[in-house]
Asker: 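If you scroll down you'll find the structure; I have some questions about it.
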Amino acid sequence: MGADEPLEHELPGHEPPEHKPPGHEPPGGEPPEGEPLERQIRFVLEADRLKTVARQSRITDGTRQENSAEHSWHLALMALALGGHAPPGTDLGRVMAMVVVHDLVEIDAGDLFLYSDSAAQARQGVAERAAADRIFALLPAPQAVAARALWDEFEERRTPEARFARALDRLQPMLLNMQTSGGTWVTHDVPLDQVLSKVELIEEGSAALGGYARAMIAQAVERGFLRAAPGPPAGRQR
């Protein structure tokens, strides 16, 4: 494997994307040039901007919102700690690579609240694809192809690795909500049925983690963090 190919091998059918949204062009408006190392460093420095993207979820002590870089790190650690609950034969190295790159598009697109309506979700999808075109193209061509392939794999959920990665991505904010007295569920008055719809994605990637999520949500209902029907959730003061 060469110096410009640490992410994955080159995959057929993917070409390095060319789209670069306004305001993010390299100096002179041209695609990034130079030796592979220079382009790799540029990508690494661009990725640092993910630390500035605030998410809805709060960290476990409740003092502030987490940022998207922290979220990505947490998912990678979850893959390491919870990998035994992935389907047999799952490539955990690929899962970890996937969860590290999947939110880089938020550098341009920002973070969208998980329970936003379908119109907002559609707009976010367009913005994230444009961001993927720009950000992964900063890398040398073979790495750009491989990184974009990882991102597409996560989005399409066609492999056990992608489904397990998505399961972790859905479980993590639930864990934070349980540690912060309901967190975004309470703040946004999220009903039970919307949360259960996300559990289906967890079960798709891991039966064990899906079962854990369902038990946790039952506890959230008991504690008044989630409501099963329209109206004020139990135990919540308005």
Side-chain angles (χ1 to χ4, degrees), residues 7-8 50 53 55-60 65-106 109 111-116 118 121 124-125 128-129 132 146-180 182-185 188 190-221 225-226:
L7 282 173
E8 287 289 340
L50 196 61
V53 178
R55 293 174 55 85
Q56 292 282 335
S57 298
R58 303 190 75 82
I59 61 175
T60 54
Q65 294 167 270
E66 69 170 350
N67 65 55
S68 288
E70 291 169 330
H71 172 71
S72 298
W73 159 81
H74 209 183
L75 294 184
L77 186 65
M78 289 172 69
L80 181 65
L82 303 176
H85 304 290
T90 299
D91 182 346
L92 293 177
R94 191 168 184 85
V95 172
M96 294 180 74
M98 216 175 291
V99 298
V100 166
V101 304
H102 90 280
D103 273 335
L104 287 174
V105 294
E106 293 182 3
D111 177 63
L112 181 70
F113 181 48
L114 182 60
Y115 301 102
S116 298
S118 58
Q121 297 281 358
Q124 183 74 5
E128 289 188 354
R129 287 190 292 275
R148 178 59 186 262
L150 281 171
W151 188 83
D152 287 336
E153 183 178 342
F154 178 91
E155 291 295 305
E156 295 164 5
R157 306 199 318 273
R158 291 180 288 102
T159 63
E161 288 78 12
R163 290 189 288 272
F164 186 66
R166 181 64 67 92
L168 298 176
D169 188 44
R170 289 293 177 258
L171 179 62
Q172 190 259 5
M174 293 182 182
L175 295 172
L176 295 185
N177 281 348
M178 287 300 293
Q179 295 297 312
T180 54
T184 59
W185 294 332
H188 296 279
V190 178
L192 175 62
D193 62 340
Q194 288 189 15
V195 179
L196 288 175
S197 70
K198 308 305 179 186
V199 175
E200 294 172 5
L201 285 173
I202 299 175
E203 291 173 327
E204 183 181 75
S206 169
L209 296 185
Y212 184 89
R214 286 195 181 276
M216 184 170 57
I217 288 168
Q219 184 182 20
V221 172
F225 298 162
L226 288 168

Asker: So do the side chains of Met174 and Met178 get within less than 4.5 Å of each other, counting heavy atoms only?
Answerer: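 A side-chain contact is absent here, since even the closest heavy-atom pair is not under 4.5 Å.
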Asker: Please report the closest heavy-atom contact between Gln124 and Ala109, naming both atoms and the distance.
Answerer: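 Looking at all heavy atoms of both residues, the closest pair is OE1-O, 3.6 Å.
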Asker: Do Leu75 and His71 have side chains that get closer than 4.5 Å, going by heavy atoms?
Answerer: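 SC-SC contact between Leu75 and His71 confirmed.
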Asker: At what distance, to the nearest 0.5 angstrom, does CD of Glu128 lie from NE2 of His102?
Answerer: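 Going from CD on Glu128 over to NE2 on His102, the span is 8.5 Å.
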Asker: Tell me the closest heavy-atom pair linking Leu150 and Met98, and the distance in Å.
Answerer: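 Closest pair (atom of Leu150, atom of Met98, distance): O-CG, 3.5 Å.
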Asker: Please assess Arg166 against Glu204 for the test salt bridge (charged side-chain N to carboxylate O under 4.0 Å, His left out), listing each intermediate value before the final yes or no.
Answerer: CA-CA 9 Å; Arg166 181 64 67 92; Glu204 183 181 75; over 6 Å; no
Asker: Would the distance check show the side chain of Ser206 and the main-chain N or O of Ile202 forming a donor-acceptor pair, the cut-off being under 3.5 Å?
Answerer: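 Here the side-chain-to-backbone pair does not exist.
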Asker: Just wondering, do Leu50 and Leu104 contact through their side chains at under 4.5 Å, heavy atoms?
Answerer: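 In contact.
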Asker: Kindly compute the distance separating OG1 (Thr90) from CD (Glu161), expressed to the nearest 0.5 Å.
Answerer: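 Thr90 OG1 to Glu161 CD: 5.5 Å, rounded to 0.5 Å.
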Asker: When you measure from the side chain of Ser57 to the backbone of Pro173, do you find a donor-acceptor pair of N or O atoms at a distance under 3.5 Å?
Answerer: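 Judged by distance alone, no pair lies under 3.5 Å.
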Asker: Check the pair Gln194 / Trp185 against side-chain contact (heavy atoms from CB on, under 4.5 Å), numbers first and verdict last.
Answerer: CA-CA 10 Å; Gln194 288 189 15; Trp185 294 332; over 6 Å; no
Asker: Go through Glu70 and Arg55 one step at a time and tell me if the salt bridge (charged side-chain N to carboxylate O under 4.0 Å, His left out) criterion holds.
Answerer: CA-CA 10 Å; Glu70 291 169 330; Arg55 293 174 55 85; over 6 Å; no
Asker: Name the residue from Tyr115, Phe113, Phe225 that meets the ring pair (Phe, Tyr, Trp, His ring centres under 6.0 Å) definition with His188.
Answerer: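 The option that passes is Phe113.
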Asker: State which residue, out of Leu112, Asp111, Asn67, fulfils the side chain to side chain contact (heavy atoms under 4.5 Å, CB included) condition with Glu106.
Answerer: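 For Glu106, the side chain to side chain contact (heavy atoms under 4.5 Å, CB included) check succeeds only for Asp111.
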Asker: Where do Asn177 and Val195 land on the side-chain contact (heavy atoms from CB on, under 4.5 Å) test, with the steps shown first?
Answerer: CA-CA 11 Å; Asn177 281 348; Val195 179; over 6 Å; no
Asker: Give the minimum heavy-atom separation between Pro87 and Phe164, together with the two atoms involved.
Answerer: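 That would be CD-CD1, 4.5 Å.
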Asker: Kindly indicate, with the supporting measurements, whether the criterion salt bridge (charged side-chain N to carboxylate O under 4.0 Å, His left out) is fulfilled by Glu155 and Arg129.
Answerer: CA-CA 10 Å; Glu155 291 295 305; Arg129 287 190 292 275; over 6 Å; no
Asker: Indicate yes or no: at least one non-hydrogen side-chain atom of Val53 is less than 4.5 angstrom from one of Asp103.
Answerer: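 A side-chain contact under 4.5 Å is absent here.
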Asker: Should Leu226 and Ile217 count as side-chain neighbours, where that means a heavy-atom distance under 4.5 Å?
Answerer: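 In contact.
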Asker: Taking Gln56 for its side chain and Gln65 for its backbone only, find out whether a donor-acceptor pair lies under 3.5 Å.
Answerer: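 Between the backbone of Gln65 and the side chain of Gln56 there is no qualifying donor-acceptor contact (under 3.5 Å).
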Asker: State the CG-CG distance between Leu171 and Leu201, to the nearest 0.5 angstrom.
Answerer: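 Going from CG on Leu171 over to CG on Leu201, the span is 12.0 Å.
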Asker: Go through it in stages, so that I can follow the logic: the residues are Val99 and His74, the test is side-chain contact (heavy atoms from CB on, under 4.5 Å), and I'd like the CA-CA distance, side-chain angles, deciding distance and then a yes or no.
Answerer: CA-CA 9 Å; Val99 298; His74 209 183; over 6 Å; no
Asker: Kindly compute the distance separating CZ (Arg214) from CD (Gln219), expressed to the nearest 0.5 Å.
Answerer: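 Atom-to-atom, Arg214:CZ and Gln219:CD are 16.0 Å apart.
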Asker: Using side-chain heavy atoms (C-beta onward) and a distance below 4.5 Å, is Val101 in contact with Phe154?
Answerer: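 SC-SC contact between Val101 and Phe154 ruled out.
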Asker: Atom OG of Ser197 and atom CD of Glu200: how far apart are they, to the nearest 0.5 Å?
Answerer: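 Interatomic distance, Ser197 OG to Glu200 CD, rounded to 0.5 Å: 6.5 Å.
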Asker: Could you pull out the closest heavy-atom pair between Val100 and Ala76, with the gap in Å?
Answerer: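 The pair with the smallest heavy-atom distance is CG2-CB, 4.2 Å.
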Asker: Report the distance from atom CG of Leu209 to atom CE of Met78, rounding to the nearest 0.5 Å.
Answerer: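 With rounding to 0.5 Å, CG (Leu209) is 7.0 Å from CE (Met78).
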Asker: Give the C-alpha distance, both sets of side-chain angles, the deciding distance and a yes or no for side-chain contact (heavy atoms from CB on, under 4.5 Å) between Val199 and Glu203.
Answerer: CA-CA 6 Å; Val199 175; Glu203 291 173 327; 4.1 Å; yes
Asker: Minimum heavy-atom separation for Val105 and Trp151, please, with both atom names.
Answerer: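 Distance-wise, the nearest heavy atoms are CG1-NE1, 3.5 Å.
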Asker: Which atoms form the tightest heavy-atom contact between Met216 and Leu175, and what is the distance?
Answerer: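 Reported closest heavy-atom pair: SD-CD2, 3.8 Å.
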